[in-house]
Participant: 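The following block contains the structure, expressed as structure tokens.
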Amino acid sequence: MKITLTLNGLSREVDLPPLVRLLDALRGPLGLPGTKEGCGEGECGSCTVLLDGEPVNACLVSIGQCEGRAVTTVEGLSAPHLGPLARCFVDHGGAQCGICTPGMLISAEALLARRPDPSDEEIREAIAGNLCRCTGYQRIVDSIREAARERREAGGAA
Amino acid sequence: MSLADLPLHDMQRAASLDALCGIVAERHARGEATVLLAGGTDWVVEQELKPPRGDADPRPLVVDVSCMAELRGITATRGLLRIGAAATYLEIRRHPTVIERAPMLAAMARELGAIQIQARGTLGGNLATASPAADGVAALAAYDASIVVKSVRGERRIPFSALQTGYKQSTRAPDEVIVAVEIALPPEGSPWLWRKVGTRRAQAISKVALAGIAVRSEDRVVRLGLGMASVAPITATLLQTRALVLSRPLSAITADALDAAVLSDIAPIDDVRSTREYRKHAAKAVVRGFLRDLGAPV
Ligand SMILES: Cc1cc2nc3c(=O)[nH]c(=O)nc-3n(C[C@H](O)[C@H](O)[C@H](O)COP(=O)(O)OP(=O)(O)OC[C@H]3O[C@@H](n4cnc5c(N)ncnc54)[C@H](O)[C@@H]3O)c2cc1C
Ligand code: FES
Ligand code: FES
């Protein structure tokens, strides 16, 4: 089945069986391995991408369901260089082994797009579907809070 | 892992709800299954748990309903709230009318799974999977919602009280598509409760969940809806408890009578998430909590 979608702002076409998981389509034929697979069951959030601006688990979405829709992956946030949000994770210890980081960045991006000045509780709710076995979460919350502040100071551009 | 099976399934889109009903009916008549794929948060996960199908085994046809206009949308007219079967929990929890007039439903949607699940999951999927642990179904039970279903034979409404007949069994025919749910809205500001007793807030399936709505007139409750998840083979509607509360002034309800009614309404089991005894304890405690908020001395 030919599927046309907007991927990180560019129109892309793939020819794949429609029930191939978006996660596998991204990491394989679409050449974007930044999105990670953890559990494959919607529990861990490491495969989180934006679908028309909302965070979804790419392991539960099939590529055929993406026809005509916009998908943003972690590459779309940062390429070709580390974006300001990702840099806050580096500076504030929000990333250790890095497996959860692409999903965390996407969940954070989805939050900041709606809530420029989120409370810590809102940050925690936004990343509640993203498991991290390294950081203990506090540093991730700090990173996102800091990214929000920088973004507000830059007038929402960062 | 039978996820490898997924690409072998065929997937279609239907041009309209009528066309969808036609596809489902035709396949059903031939003994072939059709999956209506909405958020995939139940069905895709189930595929992972299944053993691989043999090459000769029939695979269901998958029809993507996640973008079907006739199954989406949330509207409110004259006290009736209608939520499309394929509207997502995120759309539900953000909808101004839901927040204002059905705050219990908004609270349920906010605590179901995590945001990634809410952005995909739907009430249609929750109802069709029909798990006794389903949060959305418990909320619909408390609202005494109607389930709007459609097939080639036409559209009909199933009152919640006539929907569930046994573990994952319902009066919805196999070729009936869930179109929407309809809720008769209680007056603005009516007391409500959404309480999930679980291990943590996000993702965890609850050990017990209680949905409650009430309409109070002085010392009496004049409308009461209760729905409880994970305490019986089907979503519990707590009919004895409702009858007790509606039958007397709030001040005349005793804790003992309330506990006894709750226990007669549920049949919990031991499973991986909790025990029968704990569930009984939790069920009594959450119902007491709701009645205490309403003003009963329990
Ligand atoms: C990590 C995780 C956490 C979860 N947490 C919760 C939770 O806290 N509480 C809870 O209740 N559930 C939870 N769930 C389960 C799930 O998200 C819900 O049951 C959800 O409502 C399913 O909806 P869906 O659109 O994704 O269904 P799908 O997976 O798309 O479909 C499920 C079934 O419903 C059928 N179906 C779908 N739409 C229709 C329709 N319109 N008419 C007829 N049949 C239809 C399909 O054919 C399929 O058999 C969780 C799931 C995951 C993976
Ligand atoms: S890999 Fe998708 S949620 Fe874990
Ligand atoms: S940094 Fe290792 S899992 Fe989060």
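Excluded from the calculations below are hydrogen atoms, water molecules and symmetry mates; all remaining heavy atoms, backbone and side chain alike, are included.
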Participant: Ignoring hydrogens and geometry beyond distance, is a side-chain donor-acceptor pair present between B/R120 and A/Q65 at under 3.5 Å?
Facilitator: yes
Participant: For a quick test of reading the model, state the closest non-hydrogen atom pair linking B/L37 to A/L19 and the distance between them.
Facilitator: CD2-CD2, 3.9 Å
Participant: Counting C-beta onward and ignoring hydrogens, is there a side-chain heavy-atom pair between B/R94 and A/R114 closer than 4.5 Å?
Facilitator: yes
Participant: Report which part of B/R110 has an atom under 4.5 Å of a heavy atom belonging to chain A: side chain, backbone, both, or neither.
Facilitator: both
Participant: Counting a contact as any heavy-atom pair under 4.5 Å apart, which residues of residues 91-108 of chain A contact chain B?
Facilitator: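 Contacts with chain B: A/S107.
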Participant: Taking it one step at a time, do A/L60 and B/V45 satisfy side-chain contact (heavy atoms from CB on, under 4.5 Å)?
Facilitator: CA-CA 7 Å; A/L60 301 182; B/V45 176; 3.7 Å; yes
Participant: Salt bridge check: are B/E48 and A/R21 linked by an N-O gap of less than 4.0 Å?
Facilitator: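 Looking at B/E48 and A/R21, the cut-off is not met.
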Participant: Can you tell me how far the CD atom of A/E41 sits from the CD atom of B/E46, to the nearest 0.5 Å?
Facilitator: 12.0 Å
Participant: Compare every heavy atom of A/V56 with every heavy atom of B/A119, then report the nearest pair and how far apart it is.
Facilitator: CB-CG1, 4.0 Å
Participant: Mind checking whether A/R69 and B/C67 have side chains closer than 4.5 Å, heavy atoms only?
Facilitator: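 Yes - at least one pair of side-chain heavy atoms lies under 4.5 Å apart.
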Participant: Is there a side-chain contact between A/V61 and B/V44 in this structure, where contact means two heavy atoms from C-beta onward sitting under 4.5 Å apart?
Facilitator: no
Participant: So, for B/P7 and A/P17, which heavy atoms are closest and what is the spacing to 0.1 Å?
Facilitator: O-CB, 3.3 Å
Participant: So, for A/A128 and B/A114, which heavy atoms are closest and what is the spacing to 0.1 Å?
Facilitator: C-CB, 4.1 Å
Participant: I'd like to know if B/R93 pairs up with A/E125 as an ion pair, taking the criterion as any Lys NZ or Arg NE/NH1/NH2 lying under 4.0 Å from an Asp or Glu carboxylate oxygen.
Facilitator: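 Counted as a salt bridge, because a side-chain N and a carboxylate O are separated by less than 4.0 Å.
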Participant: With a 4.5 Å limit on heavy-atom distance, are the side chains of A/E54 and B/Q118 in contact?
Facilitator: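 The answer is no; the side chains never approach within 4.5 Å.
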Participant: Working to the nearest 0.5 Å, report the span between CD1 of A/I127 and CD of B/Q116.
Facilitator: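 The distance works out to 10.5 Å.
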Participant: To the nearest 0.5 Å, tell me how far A/T48 OG1 sits from B/I115 CD1.
Facilitator: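 Result: 10.0 Å between the selected atoms.
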Participant: Is A/C39 in contact with chain B via its backbone, its side chain, both, or neither, using a 4.5 Å heavy-atom distance?
Facilitator: backbone
Participant: Return yes when atom CZ of A/R124 has more than 12 non-hydrogen atoms of other residues, nucleotides or ligands closer than 6.0 Å, and no otherwise.
Facilitator: yes
Participant: For the interface with chain B, which of A/C59, A/P55, A/G45 has the highest count of heavy-atom pairs at distances below 4.5 Å?
Facilitator: A/P55
Participant: Which pair of non-hydrogen atoms, one from B/M11 and one from A/S62, has the smallest distance, and what is that distance?
Facilitator: SD-OG, 4.3 Å
